[in-house]
Amino acid sequence: MVLGEPRLAVRRHRKVVVVLAVSIALALSGLGIESASASTRSRLAVSLNSDRSSAVRLDGSRVNGKIYVFVRNSKKLDKVDFYIDSPQWRKKPPVRTDKKAPFDLAGTASDGTARPYNTAKLADGTHTIRAVMTRSDGTTYTRRGRFKVHNGGAKPAPTPTPTATTTVSPTSAPTATAPTTAPTTTAPATTDPTKTAVPAPPTTTTAPPSTSAPTATATPPKTCTNGNTIKEGGLASYSEAGGGEYLIHNNNWNDNAGGNTVITACNYNNWYLISNTPNHSDMSVQTYPNVHRDYNNVALTTIKSARFAATGPRCTGCVYNIAFDIWLGSGLSHELMIWTDNWGQRPSGEVVDTVTIGGHEYQVWRSGSGDGGVISYLSTTPQTSGDMPLSEFFKDVQNRGWKVTTTWQVDYGVEIVDTNGKPERFDFNNFAITD
């Protein structure tokens with residue numbers, strides 16, 4: 001499935017469909033400011049079950065029939081206004097206003113389950129749901145989910161009956177393939193990009209060196225010419241020679257600051273992007289362009305390592321991190337990040353340890369405690385290429401209290417906060433997962 005359509009993660013030719021026909025999706029931060037991860041920020045989610053189980057990120061999903069859309073992590077919200085396909089949403093009334101959690105697009109039944117939204121109301125193609133969220137202190141912010149409806153002109157499949165398992169027959173349930181992306185963490189830049197990138201304490205807001213000149217260019221790299229253009233929200237799939245699908249996804253999952261990011265992809269292991277992201281006051285991650293592979297709750301023991309190679313600009317005013325983003329277990333409750341290169345960001349949470357894995361030293365940052373949350377490994381020296389021993393990181397998070405034994409998705413990309421309002425290029429090549 002080579003796609004140029006909006007979807008969260010760009011993958012290879014073979015589309016991996018998860019149990020109940022849902023693939024899991026997944027990234028965020030600021031210059032000296034803690035980033036919020038998917039596990040801590042409210043966002044739009046979609047499920048095929050009325051109990052909201054096995055939910056994935058709405059943005060980038062492919063759906064049909066009846067679905068259940070709701071706001072995840074909504075404890076501090078007082079109200080949510082939902083808009084569907086309303087570019088002038090500030091001037092129009094919402095399709096629904098919900099003033100009590102859980103905040104469901106189609107409303108909540110008396111027994112606490114979500115009411116279904118029938119996608120047959122929408123034409124086949126790409127649509128957008130925007131949620132305007134009002135916090136208990138009166139402040140507001142928005143989250144947007146772009147998704148594709150594909151009912152094929154036929155009547156939607158019957159709503160699946162909620163079950164304790166996560167398996168639903170594809171013939172009786174709508175499909176909802178979700179992307180990656182997700183939330184991520186950030187660390188401060190070093191005073192010299194050529195030296196060890198050791199992040200400062202959480203209160204430090206060290207910026208990249210002012211002597212570094214922007215290195216933006218819109219010229220395609222020599223290694224990738226005449227590639228597929230993937231615009232924001234889009235994805236494409238590619239197959240590796242030995243079998244297996246990868247997806248390249250232009251995942252502008254936040255995108256509150258505007259700007260534009262365009263990917264040019266010749267293959268899953270040969271692509272680059274040009275991003276022009278303006279300065280913005282909240283210094284949050286705007287987009288996570290990435291290559292990834294989806295897994296159907298595959299045992300962690302089957303995934304050994306991942307080959308990677310990526311380079312980013314050393315530009316004044318830029319803020320980003322290049323990182324693996326891996327979703328473990330189910331329910332998007334365990335996010336493992338491995339930062340191979342960092343420029344001006346700081347991971348979520350706080351430093352809890354320093355470890356050496358695969359011959360490289362990492363600071364261990366943790367947000368949350370116990371069995372869940374976000375654990376980020378920040379390499380204390382930039383790694384532009386190598387073979388990442390993923391199995392060793394899996395063992396380490398399990399030793400830190402995570403009881404997960406399976407994975408849903410392995411991503412590698414760049415979390416972009418800011419390119420100082422100038423076009424900057426990031427190159428990715430030589431990527432492959434050994435499983």
Side-chain angles (χ1 to χ4, degrees), residues 1-15 23 25-27 59-62 87 124-128 144-150 177-181 214-240 245-255 257-278 285-294 308-313 315 318 320 322 411-416 419 421-432:
M1 100 179 171
V2 177
L3 302 177
E5 303 162 338
R7 192 168 179 280
L8 272 190
V10 183
R11 337 236 163 170
R12 285 14 126 228
H13 287 315
R14 182 179 56 115
K15 177 161 69 177
S23 317
L26 335 162
D59 196 31
S61 298
R62 180 184 174 94
D124 282 2
T126 301
H127 298 273
T128 300
R144 180 185 62 190
R146 287 176 177 166
F147 59 101
K148 185 175 181 180
V149 172
H150 184 68
T177 305
T180 57
T181 119
T215 58
T217 175
T219 303
K222 294 180 180 179
T223 55
C224 180
T225 58
N226 300 319
N228 293 331
T229 298
I230 306 169
K231 297 181 179 180
E232 289 187 335
L235 71 155
S237 62
Y238 301 86
S239 293
E240 58 182 320
E245 181 197 46
Y246 289 91
L247 292 138
I248 297 176
H249 179 208
N250 198 347
N251 181 17
N252 61 322
W253 67 274
N254 194 17
D255 199 26
N260 189 45
T261 297
V262 177
I263 291 175
T264 298
C266 290
N267 208 327
Y268 69 92
N269 58 4
N270 186 9
W271 56 282
Y272 71 97
L273 64 96
I274 302 292
S275 181
N276 186 340
T277 304
V285 170
Q286 298 296 292
T287 181
Y288 180 58
N290 68 86
V291 56
H292 70 263
R293 176 184 280 177
D294 288 339
F308 69 95
T311 56
C315 44
C318 289
Y320 65 85
I322 298 174
D411 304 54
Y412 187 62
V414 55
E415 293 187 319
I416 300 174
T419 65
K422 298 178 181 179
E424 299 287 352
R425 196 177 93 188
F426 299 78
D427 292 280
F428 290 81
N429 54 72
N430 199 31
F431 181 79

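Side chains included, hydrogens not; waters and symmetry mates left out as well; all remaining heavy atoms used. Here the structure is a predicted model, which means the values were calculated and not measured.
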- Message: Quick check: do V414 and P289 have side-chain heavy atoms less than 4.5 Å from each other?
- Response: yes
- Item | Partner residues of T419 under the side chain to side chain donor-acceptor pair (under 3.5 Å) criterion, sequence neighbours left out | none
- Distance-minimising heavy-atom pair for R146 and E232: NH1-O, 4.0 Å
- CA sep, side-chain torsions, deciding dist, call: N252, T261, side-chain contact (heavy atoms from CB on, under 4.5 Å): CA-CA 8 Å; N252 61 322; T261 297; over 6 Å; no
- Among all residues two or more places apart in sequence or in another chain, which pass the ring pair (Phe, Tyr, Trp, His ring centres under 6.0 Å) test with F428? W271, Y412
- Query: Taking side chain as C-beta onward, heavy atoms only, is R425 less than 4.5 Å from T264?
  - Reply: no
- Task: Rounded to the nearest 0.5 Å, what's the gap from CD on Q286 to CG on N254? Could you check?
- Result: 5.0 Å
- How many angstroms lie between CD1 in I322 and CZ in F308, if you round to the nearest 0.5 Å? 10.0 Å
- Task: Using a 4.5 Å cut-off on heavy atoms from C-beta on, say whether the side chain of N250 contacts that of L273.
- Result: no
- Message: Counting C-beta onward and ignoring hydrogens, is there a side-chain heavy-atom pair between D411 and Y288 closer than 4.5 Å?
- Response: yes
- Task: Measure the spacing between CG of N276 and CD1 of I416 and express it to the nearest 0.5 Å.
- Result: 10.5 Å
- Gap separating the CG atom of D59 from the OG1 atom of T128, nearest 0.5 angstrom: 8.0 Å
- At their closest point, which heavy atom of P278 faces which heavy atom of G259, and how far apart are they? CD-CA, 3.7 Å
- Over all atoms of both residues, closest heavy-atom pair of A265 and C224: C-SG, 3.9 Å
- Query: Hey, what do you get for CG (N251) to OG1 (T287), rounding to the nearest 0.5 Å?
  - Reply: 6.0 Å
- Message: Within the structure provided, determine whether N429 and N269 are in side-chain contact (heavy-atom separation under 4.5 Å).
- Response: no
- Item | Any side-chain heavy-atom pair of C318 and E424 under 4.5 Å | yes
- For N260, side chain to side chain donor-acceptor pair (under 3.5 Å) partners two or more places apart: none
